[in-house]
Amino acid sequence: GRGRAPFFSLEQRALAFANKNYSYAKNRNGSFKDLLPNHYPLGYMMLTKARKDKGNEVTKDVHNHAAAYRGIIYPFARAMRKFTGMGTTKLYKEAWSDKKEDWKSELENTELIPTTIIKDKAERTVTSYNFPRVLEDGNIIVRKRSFKKTDAIYLLEGEEEKFLTTVGYSNDRYLSQGGGYLAWTESSVDIRRGNQNFSDVLLYNIAEDKRIRLTKKTKYFSPAVSPDGKEVAVIQIEPQLKNEILILDINSGEVKQKIENPKGYTLSRVVWTPDGKSIVSIAKKDSKLAVVKFNIVAETITELTDWTGHTISAPSVRDKRVFFNASFSGIDNIYFTDLNGSKEIQQITSVPVGAFEPEATPDGKQIVFTEFTEMGRILSKQNLDDSQFRKVNITEPHLMEKYQTVANQSEGGNILDKIEPGNYETENYKGLLRGLKLHTWGFTPSIATPALQIQLTNMLNDVDIKLGGGINRNEGD
């Protein structure tokens, strides 16, 4: 699950590393000023603590008690106090203290490699740089956003930041560069049918300072311009969730070539090799990830890494190396493998919180990447020194010692273990209302229009009955 991915606890680990301690109320309510985790990591941390101290079944008791509203005011906090002996505030404080010690101990046993900061964290406003793209002259183009400004693309020339263009709304903050162009996607919706949405490709001609909309009403993702600047590779996701790679003409947006995906991989990110003959992508199969190479000339597929349950993202190619970030060490770091398919992986960075989105400089001597902090993502770099590379032998997340916790144990066990083995005959299911159970009730405490609602569902969840009634006390006045 997500609890075994270091990305899940990213904000919490950044805050702990910076020794920033916020109250439970602030964590619960969120902030428009400070960087905080959302309710998923917060709840995961607290319930892990409760299960560790009070047993694996304690959450079942808490949920049943709270859902029954046996305490009308703050039912969850009351249930938590009843079964754990702690209210939510105290449980948060103890859970936060335990996790800080765990992360501190982890870093004490980790050999960190120093990095050089290109763009440091802001002093007051949470600011993030994403997907640095290094130009031939050594300058860097990035996506930048903050708690005060929406996404835009900037050119970094030394200490100076030059605004290039705005970026429209999108769920994906990806940015690629190649052939003199930048490429990204923006979301749009059908004017008439609001639930029909699209993901269109946008380009920016660096030399001409020109923004171009290449496609309209398409479902394209992760665009990458070819090295010669004549084509754009995209991932298309069809309504049936079939993934395929398309090669578009950079002038018209028309499809020139379709790259077959015969094994039905789910694909994320595409990047061209320097010779323009292959495309590298992150593929997903049977809930595992690998870096794969599609040769668009020979029409072959080569697996560049073994399949793994670790997260892998943001591939980039320089010369004969594929760089990417992954969670192999238990902390997201930068790695590389070769384009030949040896599947040998080398670790480049070792940072305290997380390193992402790598790109090697044109001379191949340095790697530029983003590094996570309590004030957002900063830009960092590191020399590509062969003597510091570490060969990686992957240990799957479920086998790593740090994840052998009560939070990764199933609650209630495996239901299949409770079924007596035998031969069971199949028969038609009869009984529309069989197993009908009342599972939800609610009261609307309005002075003018009080109401009561109940909801029932049958065993197969194919019948759902909702009953309700109320009175308008204003009638008859």
Handout entry: Least distance between heavy atoms, Ser199 atom then Tyr220 atom
Key = OG-O, 2.7 Å

Practice task
Measure up the Trp307 and Tyr265 rings against each other and bin them: parallel (under 30°), tilted (30 to 60°), perpendicular (over 60°).
Solution key: tilted

Practice task
Report yes if the side chains of Val368 and Lys381 come closer than 4.5 Å at any heavy-atom pair, otherwise no.
Solution key: yes

Exercise for the section: Please tell me if the side chains of Lys293 and Leu339 come closer than 4.5 Å, counting only heavy atoms from C-beta onward. Expected result: yes

Problem - Leu267 vs Ile282 side-chain heavy atoms within contact, under 4.5 Å - result: no

Practice task
Give me the ring orientation class for Tyr335 and Phe324: parallel if the planes are under 30° apart, tilted from 30 to 60°, perpendicular past 60°.
Solution key: parallel

Exercise for the section: Please test Lys288 against Asp306 for salt bridge (charged side-chain N to carboxylate O under 4.0 Å, His left out), starting from the C-alpha separation and ending with a verdict. Expected result: CA-CA 9 Å; Lys288 292 191 174 184; Asp306 290 321; over 6 Å; no

Problem - Glu359 with Arg133: basic N within carboxylate O range, under 4.0 Å - result: yes

Handout entry: Pair Arg321 + Asp338, salt bridge at N-O below 4.0 Å
Key = no

Practice task
Decide side chain to side chain contact (heavy atoms under 4.5 Å, CB included) for Ser350 and Thr110; before the verdict, give the C-alpha distance in whole Å, the side-chain angles of both, and the deciding distance to 0.1 Å.
Solution key: CA-CA 8 Å; Ser350 181; Thr110 300; 3.7 Å; yes

Exercise for the section: Quick one: closest heavy-atom pair of Val232 and Pro223, and the distance? Expected result: CG1-CB, 3.9 Å

Practice task
To the nearest 0.5 Å, tell me how far Arg213 CZ sits from Ser188 OG.
Solution key: 6.5 Å

Problem - Distance-only side-chain donor-acceptor flag, Lys100 / Asn21, under 3.5 Å - result: yes

Exercise for the section: For Thr127 and Arg145, run side chain to side chain contact (heavy atoms under 4.5 Å, CB included): C-alpha distance rounded to whole Å, both residues' side-chain angles, the deciding distance at 0.1 Å, then the answer. Expected result: CA-CA 6 Å; Thr127 302; Arg145 72 187 192 280; over 6 Å; no

Practice task
Test Asn130 against every option in Glu357, Arg143, Arg173 by the side chain to side chain donor-acceptor pair (under 3.5 Å) rule and name the one that passes.
Solution key: Glu357

Completion exercise
Shortest non-hydrogen pair, Asn243 vs Leu241, comes out as ND2-O, 3.0 Å

Practice task
Show your reasoning for whether salt bridge (charged side-chain N to carboxylate O under 4.0 Å, His left out) applies to Lys144 and Asp151.
Solution key: CA-CA 6 Å; Lys144 179 185 176 183; Asp151 282 60; over 6 Å; no

Exercise for the section: Please check if atom NZ in Lys104 has more than 12 non-hydrogen atoms from other residues, nucleotides or ligands closer than 6.0 Å. Expected result: no

Fill in the blank from the handout: Rounding to 0.5 Å, atoms OG1 (Thr311) and CG (Asn325) come to a distance of 7.0 Å

Exercise for the section: For atom NZ of Lys343, decide whether the heavy atoms of other residues, nucleotides or ligands shown that lie under 6.0 angstrom number more than 12. Expected result: yes

Exercise for the section: Measure centre to centre between the rings of Phe83 and His65, then say whether the value is under 6.0 Å. Expected result: yes

Handout entry: Check ion pair Glu57-Arg51 (N to O, under 4.0 angstrom)
Key = no

Exercise for the section: Side-chain contact test, heavy atoms from C-beta onward, threshold under 4.5 Å: evaluate it for Thr440 versus Ile454 and give yes or no. Expected result: no

Completion exercise
OG1 of Thr165 to CG of Leu203, rounded to nearest 0.5 Å, is 11.5 Å

Problem - 4.5 Å side-chain heavy-atom contact, Trp103 and Gln12 - result: yes

Handout entry: Donor-acceptor under 3.5 Å (Thr361 side chain, Gln366 main chain)
Key = yes

Problem - Nearest atoms (heavy-atom pairs only) where Ile259 meets Glu244 - result: O-CB, 4.2 Å

Problem - Interatomic spacing from NZ in Lys49 to OG in Ser97 - rounded to 0.5 Å - result: 8.0 Å

Practice task
Using a 4.5 Å cut-off on heavy atoms from C-beta on, say whether the side chain of Ile348 contacts that of Phe323.
Solution key: yes

Exercise for the section: Give a yes-or-no answer on whether the side chains of Thr218 and Gln236 include a donor-acceptor pair shorter than 3.5 Å. Expected result: no

Exercise for the section: To the nearest 0.5 angstrom, please state how far the CZ atom of Phe389 sits from the CZ atom of Phe336. Expected result: 4.5 Å

Handout entry: Listed partners of Ser176 passing side chain to side chain contact (heavy atoms under 4.5 Å, CB included), at least two apart
Key = Tyr174, Ala183, Ala224

Exercise for the section: Using only heavy-atom distances, determine whether the side chains of Asn333 and Thr349 contain a donor-acceptor pair under 3.5 Å. Expected result: yes

Exercise for the section: For side chain to side chain contact (heavy atoms under 4.5 Å, CB included), just list the numbers for Leu155 and Leu135, CA-CA rounded to whole Å, side-chain angles, deciding distance to a tenth of an Å, and then say yes or no. Expected result: CA-CA 10 Å; Leu155 172 65; Leu135 303 179; 4.0 Å; yes

Problem - Phe443, CZ atom: more than 12 neighbouring heavy atoms under 6.0 Å - result: yes

Practice task
Apply side-chain hydrogen bond (donor to acceptor under 3.5 Å, both in side chains) to the pair Gln346 and Thr337, showing each step before the final yes or no.
Solution key: CA-CA 6 Å; Gln346 300 278 353; Thr337 189; over 6 Å; no

Exercise for the section: Write down the atom of Ile334, the atom of Pro358, and the distance for their closest heavy-atom approach. Expected result: CG2-CB, 3.6 Å

Handout entry: Test side chain to side chain contact (heavy atoms under 4.5 Å, CB included) applied to Asp53 and Thr84, step by step
Key = CA-CA 8 Å; Asp53 291 355; Thr84 69; over 6 Å; no

Problem - Considering all heavy atoms, the nearest Ile140-Pro132 contact - result: CG2-CB, 3.8 Å

Practice task
Would you sort out whether Arg269 and Asp172 count as a salt bridge (charged side-chain N to carboxylate O under 4.0 Å, His left out), showing the intermediate values?
Solution key: CA-CA 11 Å; Arg269 305 293 180 234; Asp172 186 5; 2.7 Å; yes

Practice task
Please lay out, stage by stage, how Tyr204 and Tyr181 fare under the test ring pair (Phe, Tyr, Trp, His ring centres under 6.0 Å).
Solution key: CA-CA 5 Å; Tyr204 178 82; Tyr181 289 87; 9.1 Å; no

Practice task
Kindly indicate, with the supporting measurements, whether the criterion salt bridge (charged side-chain N to carboxylate O under 4.0 Å, His left out) is fulfilled by Lys119 and Glu160.
Solution key: CA-CA 10 Å; Lys119 275 291 181 179; Glu160 299 297 321; over 6 Å; no

Exercise for the section: Please say which of Asp464, Ile465, Leu438 ends up in a side chain to side chain contact (heavy atoms under 4.5 Å, CB included) with Gln455. Expected result: Asp464

Handout entry: Neighbour count above 12 (heavy atom, 6.0 Å) for Phe7 CZ
Key = no

Practice task
Give a yes or no on whether a salt bridge exists between Arg211 and Glu186, defined as a side-chain N under 4.0 angstrom from a carboxylate O.
Solution key: yes

Problem - Min side-chain heavy-atom separation Glu396-Thr308 under 4.5 Å - result: yes

Handout entry: Flag side-chain contact, heavy atom, 4.5 Å: Ile141 against Leu164
Key = yes

Problem - Distance (rounded to the nearest 0.5 Å) between Ile367 CD1 and Asn383 CG - result: 11.0 Å

Practice task
Could you tell me whether Arg377 sits above the aromatic face of Tyr129, with NZ or CZ closer than 6.0 angstrom to the six-membered ring centre and within 45 degrees of the axis?
Solution key: no

Problem - Pairs involving residues 215-225, ordered by first then second residue, that meet salt bridge (charged side-chain N to carboxylate O under 4.0 Å, His left out) (sequence neighbours left out) - result: Asp190-Lys217

